[in-house]
Amino acid sequence: MNGVANMKEVSSSEHEDYPLKKPLSEDDPEIFEIIKKEKDRQFCGLEMIASENFTSRAVNECLSSCLTNKYSEGMVGQRYYGGNEFIDQVESLCQQRALKAFRLKPEEWGVNVQPYSGSPANFAVYTALVEPHGRIMGLDLPDGGHLTHGFYTATKKVSATSIFFESMPYKINLQTELIDYDKLQETANLFKPKLIVAGVSCYPRHLDYKRFREICDQNGSLLMADMSHVSGLVAAGLTSNPFDYCDVVTTTTHKTLRGPRSGVIFYRKGQKGVDKNGKPIMYDYEDKINQSVFPGLQGGPHNHQIAAIAVAMRQAAEPSFKEYQEQVIKNAQALAAGLDKAGYKIVTGGTDVHLVWVDMRCVKLSGGKAEKILEEVSIACNKNTVPGDKSALNPSGIRVGTPALTTRGMKEDDIGVVVSYMDEAFKIARDVQEKSGPKLLDFKRVLKDEEFQTRVVALKEKVESYARKFPLPGLPDL
Ligand code: DSN
């Protein structure tokens, strides 16, 4: 009897009441109900967190598949556990598709698809290629960088990158609001970093990888791109390409790339150049990075995630993905233009990518209050520091993005409607603040007053009824 027939027989046998076969709704109604509420929230609200997206049904099916049951420590064909014939096939396909999605030749680039997410991927690269307490430079968090690029404050080494390595931030220029490449060069020439990270968490412009490369070459530094935010745009060929200049490229797979929550590391391999005697010099990143991921930092790979990445990478190589990413950018540009017209200050004056960086100081609202009022009316975004902010704890702006709304099918006209809702929400917030004064706690208290709640509830209803017109493709049963 083959395995499938055998499964059918068990499911119609005396094991029908076996407790592990119960659906979630019966086995754990408490968790089921919370998930249902979250699903409703995602469907009824406007998801504008720039790093979020909605996965496809096929990706979701991988995530809840039997692949989650399997241990497969090691690499394809060299596992520490038996029974990995099919897991090897999944991981190998995932690697091939990841290279194809970014138009990379397997003789020039390798890829590790095992990192659990973006932060572990970054830490694995540092661990592999930079000695303990070696020097790293990354864009400062308040200037739009990510925690893992080395964030620390005057009183605390916040990110492990700054604890286990010596971190020196580079900044944006306060006049242009763009990365200050000249200053980065000046600092790098003094600091001599082992590795420079070209990557952002909140920065709306194309990165100049060529300039990063020149600065690295002057200082013998490695160049690592963390393209997490823009990897979907890179796959679609719509932003500058880190693979042209970098030694290593990391990415999460769940942002513009629209895959599962996970991480990937690409590294150069093959011949790097020739030495003075004409002998070939080879890249040596492959073993270092693979061994840093496992056994250095992680245990068994999450195979259900790896299958889901494989699906997402296949989707990313399809023409429809490029159309999607083009719409993501058009929508972000419509969002920036709409907010600008309504009187909000857009950092850098616009956007080239999927996100808009809004400075709320022009309407005298803090980022925290802006985030709060939008949340009250079912619009999700996040508060964010803006150029000139002194503290990451009390940021003056918000970051809004269009990947998720675009996945739901929104176009520029819809974004116009979204802008009008945001503007209405900010007007309520300013009226609340007039009564509450500047403190966020007082703001939240006064927001509960009936006169404001009536306006909030009315706007929330409008937002939700608009959002419901757009399906969530990966959750077809809604
Ligand atoms: N939290 C992600 C972001 O929002 O950019 C990065 O880890």
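When a ligand or atom number is given, it counts from 1 through the structure's own listing order.
- Legend: residues meeting side chain to side chain contact (heavy atoms under 4.5 Å, CB included) with Ser51, ordered by chain and number and at least two apart, are Ile49, His229, Lys255, Arg399.
- Annotation: ligand 1 has protein neighbours Ser51, His146, Ser201, His229, Lys255, Arg399, each with a heavy atom less than 4.0 angstrom from the ligand.
- For Phe470 and Phe43, the gap between ring centers reaches or exceeds 6.0 Å.
- Remark: Lys194 pairs with Glu131 by the salt bridge (charged side-chain N to carboxylate O under 4.0 Å, His left out) rule, at least two apart or across chains.
- Remark: Lys341 does not engage Asp423 in a salt bridge, criterion side-chain N to carboxylate O under 4.0 Å.
- Taking the ring pair (Phe, Tyr, Trp, His ring centres under 6.0 Å) definition, one finds that His302 meets it with Tyr116, His304, sequence neighbours left out.
- Using a 30° and 60° split on the angle between ring planes, Tyr285 and Tyr283 fall in the tilted class, from 30° to 60°.
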